[in-house]
Amino acid sequence: MIHHANRVRPNPTGLKVGGHQASSASMVSIMTSLWFRHLRPQDRVSVKPHASPVLHAINHLLGRLDASYLPRLREFGGLQSYPSRTKDPDPVDYSTGSVGIGATAPVWGAIARRCVDGGTGRQYSLIGDAELDEGAVWEAVLDPVTAELGELVWIVDLNRQSLDRVVPHIAAGKLQGMFTAAGWQVITLKYGQRLEELLDRPGGVHLRARIDAMSNPEYQRLLRCDAAELRRRLPGGGPDSGAVADFLTAVDDAELVEAFGNLGGHDLGALDEAFAAIDDTRPTVLFAYTVKGHGLPTRGHPQNHSSLLNDEQMRELAEALGTDLDDPWRPLPAGSAAHELCTAAARRLHRPEPPQARPPAVPADFGRTPTGTATTQAALGRVLLDLTRQAPDVAQRVVTVSPDVSSTTNLGAWVNKVGVWSPVERTNWFADDGETILHWQEHPTGRHIELGIAEVNLAGLLGELGATWSRWGRPLLPIGVVYDPFVERALEPWSYGIYAGGQSILVGTPSGVSLAPEGGAHQSIKTPSIGLEQPGCTSYEPAFAIDTEWTLLAALSRLGRPDGGSAYLRLSTRPVDQGLAAVPDDAAARERRRRQVVAGGYPLRRVERPAVAIAAMGGVVPEALAAAARLDQLGVPADVICVTSPDLLHRAVRARQGRETAESWILDQLFPAHRAAPLVTVLDGHPHALSFLATINQVRTTALGVTSFGQSGSLDDVYRHHGLDTDTIIRAALDLTA
């Protein structure tokens, strides 16, 4: 497939198509053993991205992938560069492609499956050894719950090479010790049966010690030597060099070359023994020593990562394997042993399509109008609690996730109500403590999952919880809550989870410089832009509690369905007078307001002839209203538009231009052409997130927001410092209307 994509398929641009022949070759034995001897239909496998051609080849042999796709690797509409659940025509268990994500996804997939129906089935991760450099891997390994997931099996392709070089310091012993300390079973497959047989001969102990002591680069170099060169180099210069040389005199050339490269990861018998030894009561890591480029002319070369065999080398390889390069997709002969093996494996691994359950209908409005002073963050907890009372069937599907911030993000009442998920029931030793407010009841049916302080883990788990609708036919409604400044830590796995079909809600709270006393390190600036730019996701930043309720319910209604999507809510701890929302009393007018809120915004203040308009979002809406009132006194009548989603408004603008499929009616209700006026935009975040609004009616504009790191202080001081205060809004409006 890789050869055809690069050397055979027409390529008018001349750009290298790519693919990874060497990385695929190092995994072939492992994947052959797993799929054709050990895998079960209830198991799932995450395949390292550079071995995706092996996965496609296997699925073709099992009858899951039509041969017409084999010549279309990395072609538009063809097989993806890396396994993709949403874009590949090939059945893929996990999307991979970013280092670390494919390794950890089955951890979160295991938890998600248990949350759905308590089921298990092994969750395999096939990963490259260099992938263990990724910190996210160790964040997942060290999370306390991971040690209790016996269905986890990680198989490390220990080929000791990365993209650029032979890695000199991959110390397998150190890695083994780290996994052991984390409670994992560790299995090591170092030498294959031929090499073990050689080393077990009289005198072989010296050769074993010599090979064990070699650096990775030296071993890789010796792999590329012929027999004569091996005999010269292999004894080395140590005290046992003479004994090694003497031992090698009794080994013929062919046996020496073959045995020296016979590592455990390429020995089917050794692999069988390793898979049979897996202990399903705890997670397992299998270190399989392999050769990058095994069986290819490029084997062991330090720069073979992206190298491609030429046509002559491919023909020699095809001949050695008994195949035809001119007819590479020829079916296996009916009745042959290979054909029978594939047929039997296909029957064994057949998975019936799970019946697709629709998520329950989510109410659009609880019918309550908040009063007094409240925060949008507190409204989150209230909405979840209201779900348990007014829509219990929906609440039963909701799973919340947080990295040790449940109480500080107002989830306490929800956690008390639904309990905390745990693989086993645990004793709550504080159940009889009258001063304990948060009741930590842990059991397998709890619907809040508390992780350690690792936002990457949270995002990974969200993605898998959000994929149960397509993976198991049982939709969950996952909500992850994280301090908004740390959304950027979780950005890659969160985005990747959405790409892989995981539908979830990410709540960033508290947010912005409104978190004034916490200072610059805890004040998010760029996150409104992230929400606007993330594909597959709708972002909201409500200003009032009722807006939070409506947008959260709307986001929940889009989860767990083929036409659904994810959402991101940016909330605040800024107390706001809820009377400023001016929620209509009339039922029809209230519903109109709700529709506007979930579509992107609503007019909060209208004057007869506006001289200026103020579009404000989130916690600074009170300042915008105060500025409008004072502008009126100055003879400058001002409209105020409360923006709830710059994301949806931007899509509406593009739809009006014919560049996107989306509804654009909301623009006519927020910014009708007959009311066009100079525009001031203001938000607690970077100003460019709203600056595009001026293009709707091509008006003069000033964009206010946060463009520098935050400061500690009172809310008034911090708003004044960043130009979010009422006086700054007034001056901006006067400048535009002068």
Side-chain angles (χ1 to χ4, degrees), residues 362-366 370 374-384 387 409-410 462 466 477-482 484 487 494 498 503-512 514 524 526-559 564-574 576 581 583 593-602 604 615-621 641-653 662-663 666-667 669-670 681-686 689-690 692-693 705:
V362 178
D365 185 356
F366 289 142
T375 72
T376 54
Q377 177 178 287
L380 165 69
R382 178 61 187 263
V383 172
L384 289 175
L387 271 177
T409 54
N410 290 88
L462 267 188
L477 309 178
I479 302 173
V481 184
V482 61
D484 196 63
V487 163
W494 176 56
I498 295 172
Q503 298 174 4
S504 65
I505 298 171
L506 180 64
V507 178
T509 184
S511 65
S514 295
S524 52
K526 296 178 289 183
T527 47
S529 306
I530 290 172
L532 190 154
E533 295 160 5
Q534 175 59 49
C537 175
T538 301
S539 69
Y540 290 109
E541 184 166 348
F544 300 102
I546 190 65
D547 300 349
T548 306
E549 175 189 310
W550 287 340
T551 54
L552 182 60
L553 293 175
L556 283 169
S557 72
R558 290 194 288 267
L559 299 182
S566 295
Y568 162 52
L569 272 67
R570 188 176 190 251
L571 306 183
S572 171
T573 50
R574 198 259 169 103
V576 173
V583 180
R593 166 70 69 84
R594 188 200 67 81
R595 291 183 68 245
Q596 290 174 332
V597 166
V598 299
Y602 55 96
L604 189 52
M617 182 169 74
V620 296
V621 167
I641 295 92
C642 182
V643 175
T644 56
S645 175
D647 175 18
L648 291 176
L649 297 185
H650 189 261
R651 291 189 218 173
V653 169
E663 295 182 343
I666 189 63
L667 300 180
Q669 297 197 5
L670 300 189
T681 62
V682 57
L683 75 154
D684 186 354
H686 199 283
L690 293 182
F692 73 92
L693 295 175

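Only this structure's heavy atoms are used, side chains among them; waters, hydrogens and symmetry mates stay out.
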At what distance, to the nearest 0.5 angstrom, does [atom1] of [X] lie from [atom2] of [Y]?
X: L569; Y: S539; atom1: CG; atom2: OG; value: 8.5 Å
X: L552; Y: D547; atom1: CG; atom2: CG; value: 12.0 Å
X: H686; Y: T527; atom1: NE2; atom2: OG1; value: 12.0 Å
X: L556; Y: L384; atom1: CG; atom2: CG; value: 8.0 Å
X: L477; Y: S504; atom1: CG; atom2: OG; value: 11.0 Å
X: L690; Y: I641; atom1: CG; atom2: CD1; value: 11.0 Å

Task: Donor on one side chain, acceptor on other, S511 and D484, under 3.5 Å - done: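 Per modelled atom types, S511 and D484 side chains form no pair under 3.5 Å.
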By side chain to side chain donor-acceptor pair (under 3.5 Å) - contacts of [X] (at least two apart):
X: S514; result: D684, Y719
X: E533; result: none
X: E541; result: R570
X: Q377; result: N410, T509

Student check: side-chain heavy atoms of [X] and [Y] closer than 4.5 Å:
X: L506; Y: V487; value: yes
X: I530; Y: W494; value: yes
X: E549; Y: F366; value: yes
X: V576; Y: V621; value: no
X: F544; Y: L604; value: yes
X: L693; Y: V643; value: yes

Task: Among D365, V362, T548, side chain to side chain contact (heavy atoms under 4.5 Å, CB included) partner for L553 - done: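 With L553 as partner, D365, V362, T548 yield a single side chain to side chain contact (heavy atoms under 4.5 Å, CB included), made by V362.
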- [ ] Could I get the full list of side-chain contact (heavy atoms from CB on, under 4.5 Å) partners for Q669, not counting sequence neighbours?
- [x]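 Checked Q669 against side-chain contact (heavy atoms from CB on, under 4.5 Å); matches are R592, Q596, W665.
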Where is the tightest heavy-atom contact between [X] and [Y], given as atom of each residue plus distance?
X: Y540; Y: S645; answer: CD2-CB, 3.7 Å
X: S566; Y: Q503; answer: OG-CA, 3.3 Å
X: T376; Y: S572; answer: OG1-N, 2.8 Å
X: P542; Y: L571; answer: CG-CD2, 3.6 Å
X: P370; Y: A545; answer: CG-CB, 3.8 Å
X: L532; Y: A689; answer: CD1-O, 3.6 Å

Open item on the list: Please evaluate residues I666 and L648 with respect to the criterion side-chain contact (heavy atoms from CB on, under 4.5 Å), reporting the C-alpha separation (whole Å), side-chain torsions for both, the decisive distance (0.1 Å), and the verdict.
Closed with: CA-CA 9 Å; I666 189 63; L648 291 176; over 6 Å; no
Task: Listed partners of F692 passing ring-ring contact (aromatic ring centres under 6.0 Å, His included), at least two apart - done: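 Expected list: H650.
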Open item on the list: Go through it in stages, so that I can follow the logic: the residues are I479 and V507, the test is side-chain contact (heavy atoms from CB on, under 4.5 Å), and I'd like the CA-CA distance, side-chain angles, deciding distance and then a yes or no.
Closed with: CA-CA 7 Å; I479 302 173; V507 178; 3.8 Å; yes
- [ ] Under the salt bridge (Lys or Arg N to Asp or Glu O under 4.0 Å) rule, collect the residues that match up with R651, sequence neighbours excluded.
- [x]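 Applying salt bridge (Lys or Arg N to Asp or Glu O under 4.0 Å) to R651 gives D647.
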Open item on the list: Just to verify, what does R594 make a salt bridge (Lys or Arg N to Asp or Glu O under 4.0 Å) with, not counting sequence neighbours?
Closed with: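 Here the qualifying residues are E591.
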TODO: Might you confirm whether atom CZ of R558 has over 12 heavy atoms from other residues, nucleotides or ligands at distances under 6.0 Å?
DONE: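 Counting other residues, nucleotides and ligands, CZ of R558 exceeds 12 neighbours.
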